[in-house]
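Numbered from 1 within each chain, the chains take letters A, B, ... in sequence-line order.
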Amino acid sequence: MSETLAEQTIPKARSAAAPFAACFLAWLVPGLGHFYLGKKVRAAVFFVVVGATFALGIASDGAASLIEERQPLTFLATFDNVALGAFDLIGRYLTYGTIVYALPGNEADPRRAELLDRLRARVRSVTFEYGNTFLLTAGLMNILLILDAFDIATGRKD
Amino acid sequence: MIRSHLLNMVVFSALVAVFFAFLTQRGTRDRLRVILILGGSMVVLSLVLAYVMYPFPLR
């Protein structure tokens, strides 16, 4: 019996848990979701491209964003950084010497001053803007990879 | 660390072009076409825009 057009063009969906596993793995390490779904060449390319973008961001003195309540855009920037999964942890450690996501609200808090000092050291670098652009772009790339892995796992895309 | 603005732009364009080529295309030919068109247009349009903006003062 011949296949219908829909069967020919739309791959069958995997198990119910596969989309969530693929999305989680894609978030954890860029390309890992595609590797899990059997797209090994794409997985390798995505890992190298997103990894290189992230590495250039860090090497150019880009900084992982911290949430500061008075600056709403820092929520978006931090969300974008967090989308890099394990890479974000590395980025935060290299930027601040610890894994931190928010700037303490109390201006007298010595922890706030320490974090700001570490941030300012990068902001003063002439390549800080380049680095931040690379870091934010790497995060946006990985958000697209998570969505792409979801589409592949649900059979919407090959 | 790359300090040249032009080199940063070229590297950035190349990475973004390769990313979208593999995200949206399947064949090698189609991917190469996207890399050349997207990467090339990012660099060329940026240079054109920079040239157009050149006569305008910062303030």
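- Both A:Leu144 and A:Val49 are members of a single hydrophobic cluster when ILVMFWY side chains are connected at heavy-atom separations under 4.5 Å.
- By the criterion of side-chain heavy atoms lying less than 4.5 angstrom apart, applied directly or through intervening Ile, Leu, Val, Met, Phe, Trp or Tyr residues, A:Leu135 is not grouped with A:Val100; the two fall into different hydrophobic clusters.
- At a threshold of 4.5 Å between non-hydrogen side-chain atoms, the residues B:Phe19 and A:Val45 do not count as touching.
- Shown here for B:Val16 and A:Thr137, the closest heavy-atom pair between the two residues is CG2-CG2, 4.2 Å.
- One hydrophobic cluster, built from ILVMFWY side chains closer than 4.5 Å, cannot hold both A:Val29 and A:Phe150; they sit in different ones.
- Looking at A:Thr53, the atoms closer than 4.5 Å to chain B (heavy atoms on both sides) sit in the backbone and in the side chain alike.
- Only the side chain of A:Leu56 comes within contact range of chain B, judged by heavy atoms closer than 4.5 Å.
- Under a cut-off of 6.0 angstrom, the local environment of CZ in A:Phe79 is sparse, with at most 12 non-hydrogen atoms contributed by other residues, nucleotides or ligands.
- Ring planes of B:Phe12 and A:Phe134: perpendicular class, angle over 60° (limits at 30 and 60°).
- Residues A:Arg42 and B:Phe22 share a closest heavy-atom pair of CD-O, 3.6 Å.
- Of all residues in residues 23-57 of chain B, those placing a non-hydrogen atom less than 4.5 angstrom from a non-hydrogen atom of chain A are B:Leu23, B:Arg26, B:Arg31.
- Side-chain heavy atoms closer than 4.5 Å link hydrophobic residues (I, L, V, M, F, W, Y) into clusters, and following such links, even through other members, never connects B:Phe20 to B:Met9.
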(request) Test side chain to side chain contact (heavy atoms under 4.5 Å, CB included) on A:Tyr130 and B:His5 and set out the steps. (result) CA-CA 9 Å; A:Tyr130 298 138; B:His5 187 87; 2.8 Å; yes
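- Within a 6.0 Å sphere centred on CZ of A:Phe20, heavy atoms belonging to other residues, nucleotides or ligands number 12 at most.
- There is no path of hydrophobic side-chain contacts, each under 4.5 Å, that joins A:Val82 to A:Tyr96.
- In A:Phe47, the CZ atom is not crowded: 12 or fewer heavy atoms of neighbouring residues, nucleotides or ligands sit closer than 6.0 Å.
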